[in-house]
There are 2 protein chains.
Amino acid sequence: MAEPNRSKDRLALSALGLFAERGFVGTSIRDIAKATGLSISNIYHHFGNKEGLLLAILKTASERLLRELREASDQPGTPMERFKKLVQTHLQLSRGLRKEAKIFFLDEEHLSPEGYRANLTYQRDILDLYREHLLALQEAGEVNFKSPTIAAFNILGVVNWHLRWYRPEGQMSFEETSREVTEFILHGI
Amino acid sequence: MAEPNRSKDRLALSALGLFAERGFVGTSIRDIAKATGLSISNIYHHFGNKEGLLLAILKTASERLLRELREASDQPGTPMERFKKLVQTHLQLSRGLRKEAKIFFLDEEHLSPEGYRANLTYQRDILDLYREHLLALQEAGEVNFKSPTIAAFNILGVVNWHLRWYRPEGQMSFEETSREVTEFILHGI
DNA sequence: TTCACACTAGATCAATCGATCGATCTAGAG
DNA sequence: CTCTAGATCGATCGATTGATCTAGTGTGAA
């Protein structure tokens, strides 16, 4: 086996694109197999079932997102500087993880209870990261919200909505929208 | 016919609940028929096809939402007062239209081109309403964003995210979260 | 060489899908 | 009393679904 897990990776990559485009239920295992040129059996061999394939994609993406967000916001600096870095990094990463993010918020209701729980945990981890930073800001007193939790939800709303409406082919550049979104958040808290 | 369109309304109501719970693709026309106790044929008789049923629900809800938002924000007052009223009304209405709103943002990719376009138009109408108000605020000079469009997107992100995470059965009251969300938005702009 | 195992293909399964059919029922118009 | 339009029914269509089964591959260890 010169190229280990090549089929597995190809399946995951094709599935990512198809899930993002047509949704989980809207994509059949035959679509995925056909897109890779492999047979259906590979999906069941490598991922157990259709949901296993989705969860594998979600796991990889969310772990990477959380890790990179932690790294970026763990740099030295004032609480406000670190929080700003967190938001900016989140926006930038979401840009590269458009498809993954779309899957994330799309097909929750078609997952098994275990899959749903895993999905929820990934989202909660991101929320908690924001809550930590917001709590630090609140203790520093530079801030005018009462509940760090609600503030974290509001921020996630703005950030996640951004990857919903932002179109790279539009007239507004990513840097332009990203700066405006960041300022909205910084004023909001 | 003592009760005109009763079957039609019952179908739409059942479909609303099922679509919100399991998604459009995740709900079969058999599920809807079974939930109402009527036969499958009624759906095709009253709505043409499965998508027609969804679009009918979407149309009713979005027209009502837009109308009530216009009414609420057309009251006399300063631009800021009217804008605040708009946001508060939006939050309140979303609370009563939870299911409809969920459908709205869920299954876009499974619609026909015409259905997708209709869906997009409804969302654009809301966006434009916000842009009008934000433009008035910008001209009044009380505001620190550059693009009313981006600001409108940000606000919609916060409002729509609210109906995603807010749980009536949780410990936080609706009034509490609503106030906090509104303040976040008002500071953000 | 032999054996075990990871990997892959293709045929096939029962279940379910959206949609359509002709037939029947009901209510009101003329 | 007849005619018609709309509402509703159960049966059924072909297609597709996720999943499984069998039958091989090729590779590396013993």
Side-chain angles (χ1 to χ4, degrees), chain A residues 1-58 103 106-116 119, chain B residues 1-19 21-58 103 106-116:
Chain A
M1 184 173 7
E3 201 84 16
N5 282 338
R6 217 171 94 81
S7 296
K8 190 172 181 178
D9 292 341
R10 280 171 58 205
L11 284 168
L13 192 64
S14 289
L16 169 62
L18 290 170
F19 286 160
E21 190 180 344
R22 316 180 195 172
F24 180 64
V25 189
T27 304
S28 71
I29 52 173
R30 284 169 180 77
D31 294 336
I32 302 168
K34 188 168 292 181
T36 58
L38 298 171
S39 70
I40 297 175
S41 311
N42 292 283
I43 296 173
Y44 290 92
H45 180 261
H46 288 292
F47 302 100
N49 57 25
K50 191 186 174 189
E51 180 176 307
L53 175 52
L54 176 68
L55 292 180
I57 296 172
L58 249 41
I103 295 177
L106 225 51
D107 295 296
E108 302 177 320
E109 58 274 349
H110 304 305
L111 297 179
S112 68
E114 309 89 58
Y116 180 78
N119 191 335
Chain B
M1 186 171 6
E3 201 83 16
N5 282 339
R6 217 173 96 81
S7 295
K8 190 173 181 178
D9 293 341
R10 280 170 56 205
L11 283 168
L13 191 64
S14 290
L16 170 61
L18 290 170
F19 286 161
E21 190 180 343
R22 316 179 195 173
F24 179 63
V25 189
T27 303
S28 72
I29 53 173
R30 285 168 180 79
D31 294 335
I32 302 168
K34 187 168 291 182
T36 58
L38 299 171
S39 72
I40 296 174
S41 310
N42 290 286
I43 296 173
Y44 291 92
H45 178 69
H46 287 294
F47 301 100
N49 55 25
K50 191 186 174 188
E51 179 175 308
L53 176 51
L54 176 68
L55 292 180
I57 296 172
L58 249 40
I103 295 177
L106 226 52
D107 294 296
E108 301 177 320
E109 58 275 349
H110 305 304
L111 297 178
S112 68
E114 308 88 58
Y116 180 77

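Here is how names work: the chains are called A, B, and so on, in the same order as the sequence lines, proteins then strands, and each is numbered from 1. Computation of the quantities below employed the complete heavy-atom set of this structure, encompassing side-chain atoms and omitting hydrogens, waters and symmetry-equivalent molecules.
Panel note: side chain A/D9, backbone A/R6; no donor-acceptor pair is recorded below 3.5 Å. In this structure, B/T27 contributes its side chain and B/F24 its backbone to no donor-acceptor pair below 3.5 Å.
Rounding to whole angstrom units, OH of residue A/Y44 and P of C/dA9 are separated by 15 Å. Taking atom CZ on B/F47 and atom P on D/dG6, their separation rounds to 16 Å, with Å as the unit. Atom P of nucleotide C/dT8 and atom CG of A/L11 are separated by 8 Å, given to the nearest angstrom. Atom-to-atom, CG of A/D9 to C1' of C/dC7 comes out at 15 Å; the value is rounded to the nearest Å.
Closest to the side chain of B/H46, from the set C/dT8, D/dG18, D/dT8, is D/dT8.
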Identify the pairs formed between an N or O of the protein and an N or O of nucleotides 22-24 of chain D at a distance under 3.5 Å, and give each distance.
none

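Nearer to the 5' terminus of DNA chain C, by closest-nucleotide assignment, is the contact made by A/H45 (compared with the other of A/H45 and A/I40).
For B/F47, the side chain to side chain contact (heavy atoms under 4.5 Å, CB included) partners two or more places apart in sequence, or in a different chain, are B/K8, B/L11, B/A12, B/L53, B/A56. Residues that satisfy the side chain to side chain contact (heavy atoms under 4.5 Å, CB included) test with A/S112, not counting sequence neighbours, are A/E51, A/E114.
The stretch residues 48-56 of chain A touches DNA chain D through A/N49, A/K50, each having a heavy atom under 4.0 angstrom from the strand. Non-hydrogen atoms lying under 4.0 Å from DNA chain C are contributed by B/S28, B/I29, B/R30, all within residues 28-39 of chain B. Contact check of residues 18-27 of chain A against DNA chain C (heavy atom, cut-off under 4.0 Å) returns no residues at all.
Between A/N42 and C/dC7 there is no side-chain polar atom (N or O) within less than 4.0 angstrom of OP1 or OP2.
The CD1 atom of B/I32 sits 11.5 Å away from the CG atom of B/L38 when rounded to the nearest 0.5 Å.
Taking all atoms of both residues into account, the shortest heavy-atom contact from A/S7 to A/H46 is CB-NE2, 4.2 Å. A/K50 approaches A/I29 most closely through the heavy-atom pair CG-CG2, 3.9 Å.
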Show me the side-chain donor-acceptor pairs of residues 13-22 of chain A shorter than 3.5 Å, one per line, residues at least two apart or across chains.
unit_1 : atom_1 : unit_2 : atom_2 : d
A/S14  : OG     : A/R10  : O      : 3.3
A/R22  : NH1    : A/D31  : OD2    : 3.2

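The side-chain heavy atoms of B/T36 and B/N42, taken from C-beta on, include no pair separated by under 4.5 Å.
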